[in-house]
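Below is one structure, written out as structure tokens; the observations come after it.
Throughout, a chain's letter reflects where its sequence line sits, starting with A, and its residues are numbered from 1. All values below come from the heavy atoms of this structure, side chains included, with hydrogens, waters and symmetry mates left out.
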There are 4 protein chains.
Amino acid sequence: MTVVDIVKRTTSSPDDTALVKTLADAGYSTADVVALVAKTEGNGCVNDFSRTLADHTWDAVLPADAVTVFSGGTEGVLSPHASAFVGIDRPAAPEGALVAAVGRTASIPIADLGRAGQVRAVAARVRELCADAALEPGDVHLVLVKCPLLTTESISRCLADGVEPATRDTLRSMAMSRAASALGVAVALGEISEPDAAAALRGEADVWSSVASISSGAELDDCHILVLGNSPAAHGPLRAVHGVMRDAMDARTVLDLLDRVSADGGEVVQVLAKAEADPSGSIRGRRHTMLTDSDLSSTRHARAAVGGLLAGLVGDSAIYVSGGAEHQGPPGGGPVTVVYRVAS
Amino acid sequence: MTVVDIVKRTTSSPDDTALVKTLADAGYSTADVVALVAKTEGNGCVNDFSRTLADHTWDAVLPADAVTVFSGGTEGVLSPHASAFVGIDRPAAPEGALVAAVGRTASIPIADLGRAGQVRAVAARVRELCADAALEPGDVHLVLVKCPLLTTESISRCLADGVEPATRDTLRSMAMSRAASALGVAVALGEISEPDAAAALRGEADVWSSVASISSGAELDDCHILVLGNSPAAHGPLRAVHGVMRDAMDARTVLDLLDRVSADGGEVVQVLAKAEADPSGSIRGRRHTMLTDSDLSSTRHARAAVGGLLAGLVGDSAIYVSGGAEHQGPPGGGPVTVVYRVAS
Amino acid sequence: MTVVDIVKRTTSSPDDTALVKTLADAGYSTADVVALVAKTEGNGCVNDFSRTLADHTWDAVLPADAVTVFSGGTEGVLSPHASAFVGIDRPAAPEGALVAAVGRTASIPIADLGRAGQVRAVAARVRELCADAALEPGDVHLVLVKCPLLTTESISRCLADGVEPATRDTLRSMAMSRAASALGVAVALGEISEPDAAAALRGEADVWSSVASISSGAELDDCHILVLGNSPAAHGPLRAVHGVMRDAMDARTVLDLLDRVSADGGEVVQVLAKAEADPSGSIRGRRHTMLTDSDLSSTRHARAAVGGLLAGLVGDSAIYVSGGAEHQGPPGGGPVTVVYRVAS
Amino acid sequence: MTVVDIVKRTTSSPDDTALVKTLADAGYSTADVVALVAKTEGNGCVNDFSRTLADHTWDAVLPADAVTVFSGGTEGVLSPHASAFVGIDRPAAPEGALVAAVGRTASIPIADLGRAGQVRAVAARVRELCADAALEPGDVHLVLVKCPLLTTESISRCLADGVEPATRDTLRSMAMSRAASALGVAVALGEISEPDAAAALRGEADVWSSVASISSGAELDDCHILVLGNSPAAHGPLRAVHGVMRDAMDARTVLDLLDRVSADGGEVVQVLAKAEADPSGSIRGRRHTMLTDSDLSSTRHARAAVGGLLAGLVGDSAIYVSGGAEHQGPPGGGPVTVVYRVAS
């Protein structure tokens, strides 16, 4: 169990590490960082090299066991930024505080990507992390996962080995990888059963996690996992609440979370949300055009819209809004987590 | 002075005229339509043929003197739709109601586009329309203008005539046309002086209208103008309020307008807003990436974000959010008008 | 059997019908037009309203039984243009000339799109057209088909009827519709067997037509078909040759066709070709990026590249290059037809 | 004077350095590399992080004084690849061979970008490099320059210093930087006069270099320069010829160069060409749509088309085609250099 603080800073480009100075100013060092979660300014899709660039850059700076989640896409008002989760030592009397558990799976075999193998790998690792941190499912407010995708090259390698990958479409592989990871989280937390997950992979079950937030990218071949929860046994500066937006226009759920933060005397530090185009092609009965726009990926549309809503409600554009919410919240909606600071 | 009602319907494509049936169901006919204001699902930029398609389609349906404003771009949650403004006859005792005045300028000469000639043409016509409708500047809640742009072909013709057009860049001509029209509105309503407008065209004055909402397109060569105001002398079903969003995240201004509508016992019928990427490159001190994204026009970014915020706050995605707010509200912000229905 | 001439003109926008005047200048009228084949300047994908706009515009101009093929996408040097195929009466001694046979299928049921039903419908109609024109398979140099796609709306209707459509992805439906039509052409001409076609629909057979050129669009719900062949029984001004580009860089095949035209004393009138990104992800062993570019559809990439090659070789940019060559030529390649005029 | 060989390899991603192994296989080491010239798979515009990623990656591998030119954009059939120019020691009798001269300018002040200061800095450095390599202007077959652009951030800094930069539009700054560098090359080689260059910057002179090939990017703030020429005093494996494509369809010029290579018994090693959308909006009198496509930058269109033509003619897709040819060849055209190997 690691009690955490968050240090956040906007970035001037994906290879900007000025956050290191901000950490120092706050009395922390990069050695304290257990996880780095950043939004970079690429398209968030297959050929998003802003993520890889950030990954290369931070690799040289962070501890080897820190997990990193670089999520591409800062459409609309969203501001590229990085948040360092730093472990802190607070031997004070426990009163409930935000703790983190971080880890990685083994490399996901190409043939397993988007399939049951990935579900099991993620589920197993999330279970271990929760156990290590003594977090019950009900304590967990976010499970952030960064997972791999298929490239033209890895698809070719897979086919050369005589195995048909889950898809030959690279963009679609991002969605399938997110789906498998989300189902893994849901299984680990007891939100759904393993048979549910298997049915969902076959497209036969509309099941979802209320705390999973998954992002896929070409810059890694294992899964990086960050579990955030409020531990009653911890003492620290932060707490979290979460809810589930039922669609991309669900301001009500967000305003309710902000009210709860206020009621607890908190100040919002970071918001982490998932966004997606409603797969039905309409929202509250009105047609949207995100799925028929061949010029612009639906994930870019969705991040821009939900980012615009959240940034306006929270008054902060350096928030984490990630696109593609397969099995993360209901179709068209997604989980949203608000981390806040309480007066010490 | 024409007292107006609004009939709104989502569209299944730019050539969908099912609204005609909705009009009939409401007891109106297309002959009653004084203005049609629609969002179509193109890119809202130079090569947006969704506007032209809608224009061709409605041309065959509407009265010859009706004005039409087709605005491209329904990014994010925004839903393509059309709103018919129908003139109604209400000989009841005046108690204040929404009225419309509509008209067109003469064709804007190519050489005048984005220049003083366009400012003067728009200003003169807006003044006439306000006078005809007996609307004082303080009564006006929206001046919606659709104006032309430059194409590769019209630029060539202009150069062949020995005249350098305002720009040779077709996308930039859209912004310059919007700017000139907005300055024309501001001059007509006494918000700025003519020398202010001239200075603004030279890039030397940050002046703006708080009620102008301008859209440019290739589907016309004159300017279509719709003035909306609350006339104390009228009786009718609708009223309007307006405000100015100071930036793309300004939820406060919108919530205040919605509170005023509630206080008046009203039900929101339509919201019309302008959106743009803050030209400084940042919002509230945080960098945005709308101006450095070479894959996606900043107007598409801005519509998606502001559309996401407004749709969430109002609970309706069939709203009019238009991109490119040059001299329409402060840099990065824009006017927003809420039309609402009061119980009769 | 209709002996045909071609009248071609670049267009200034999708609703430009100036070709009508060019027809008149050439001594023809719109009543003589049996087929109109045009490239319009949209993205060539799902939300390409340039095709629909052209369709609306020409509908009011052409004979009711003329077929129209509007193909979106004029990337790179390609020039938007329209070619009218006009029927001419030449009672001279037969010496071999280009003839056309045109027709339509019935509407393709949504549930049949991209499936065996569409294959059969196209095959049956192509067989009839060949028979009517007394064209043997060996005489045929091009079968141009325009066929429908699935939209978010038609997918919803299909699902509401309890039927799963061939795909829920609108962009993918364009490829599946092209594939089914191409297989239908190949079956009709005896290039492949019906079991081959069935296997190909299941993704289990790499079979293709050497003369099919298929385009899909939202502007129709039946299939428009234009068969072009050299009839030994006809006398007329045009002839055609065709070949199959083995990949998108196959200049050799094109130069050979141009040599044959020269040897026959001909002057090139029009070139019609298909283009696609090699599905293997590489061309001649070198990786291309058309399938991993999430900003730009691979069909746009392919049209631009093949259009650049053909326009340079032929010296004409107003040529017909259409994207997406599923079962039209080998993977990554496509059929190319050169129509030329012989001195009378 | 450095006699050079070229070792070329396709890349699997912008951070792929497998070329190091290919160098070793050829008997070279990275210490021998004087210049690395690569095409990476970004959009080639402002937010192209593929260039920056390649730059970071190679920085750790190459000698400190090697120059690097990373050019984004591999549209259509173009294959991402890297070419190492390695210096070789050949004390044999001179018989004419390709030599290189490489160097950098000082950092270009933001206020000088796209202006006379940049022209002068590039011209001075190119003159020095030619002198060092004992290359007469007539010996030079290519001057490749990589130069900086303006970002939202650098524009803000410039304005804060009270200086108006050459433009506030980041995409336009790429074109202005290319223009200034090209004019610098033309001045250095005596192709144009300094007053010509000054007039050209004001948009009043259509002057150009026949050997300049300029690329701009966010990954550097100085200019990297590579001069290639045939030195009569050298002995080595490579030679070069160059020509100027008069437009994007000019296959003739390219075929002539390939004929000259054949006549010299050579085998093509690399082709380096510039491409741009004809600023007039048409090519050989036929309208193109590259300048009115608001979804896709004209530089991407142009690279795809010219890349398609050159790859087809040469039979190689791993060639260097760079977009934006301001003052590099005539409007709409561009220089093209063919480097070939002669039997030893």
Residue part contacting chain B, namely of D:S156, when any heavy atom lies under 4.5 Å: side chain
Region of D:S282 that comes under 4.5 Å of a non-hydrogen atom in chain B: neither
Donor-acceptor pair between B:T74 and B:K39 side chains, under 3.5 angstrom: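 Side chains of B:T74 and B:K39: no pair found under 3.5 Å.
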Between D:D169 and D:T167, a side-chain donor and acceptor under 3.5 Å: no
Heavy-atom contact with chain D under 4.5 Å, split by part of B:T151: neither
Contacting region of B:R287 [heavy-atom separation from chain D under 4.5 Å]: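 No part of B:R287 comes within 4.5 Å of chain D.
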Atom CZ of B:R168: over 12 foreign heavy atoms under 6.0 Å: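 Not buried by this count: 12 neighbours or fewer within 6.0 Å.
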Where B:H81 and B:Y320 come nearest, the two heavy atoms and their spacing: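 Taking B:H81 first and B:Y320 second, the nearest heavy atoms are CE1-N, 4.0 Å.
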Side-chain ion pair, B:D48 and B:R51, N-O less than 4.0 Å: yes
Residue among B:T292, B:L159, B:T152 with most heavy-atom pairs under 4.5 Å to chain D: B:T292
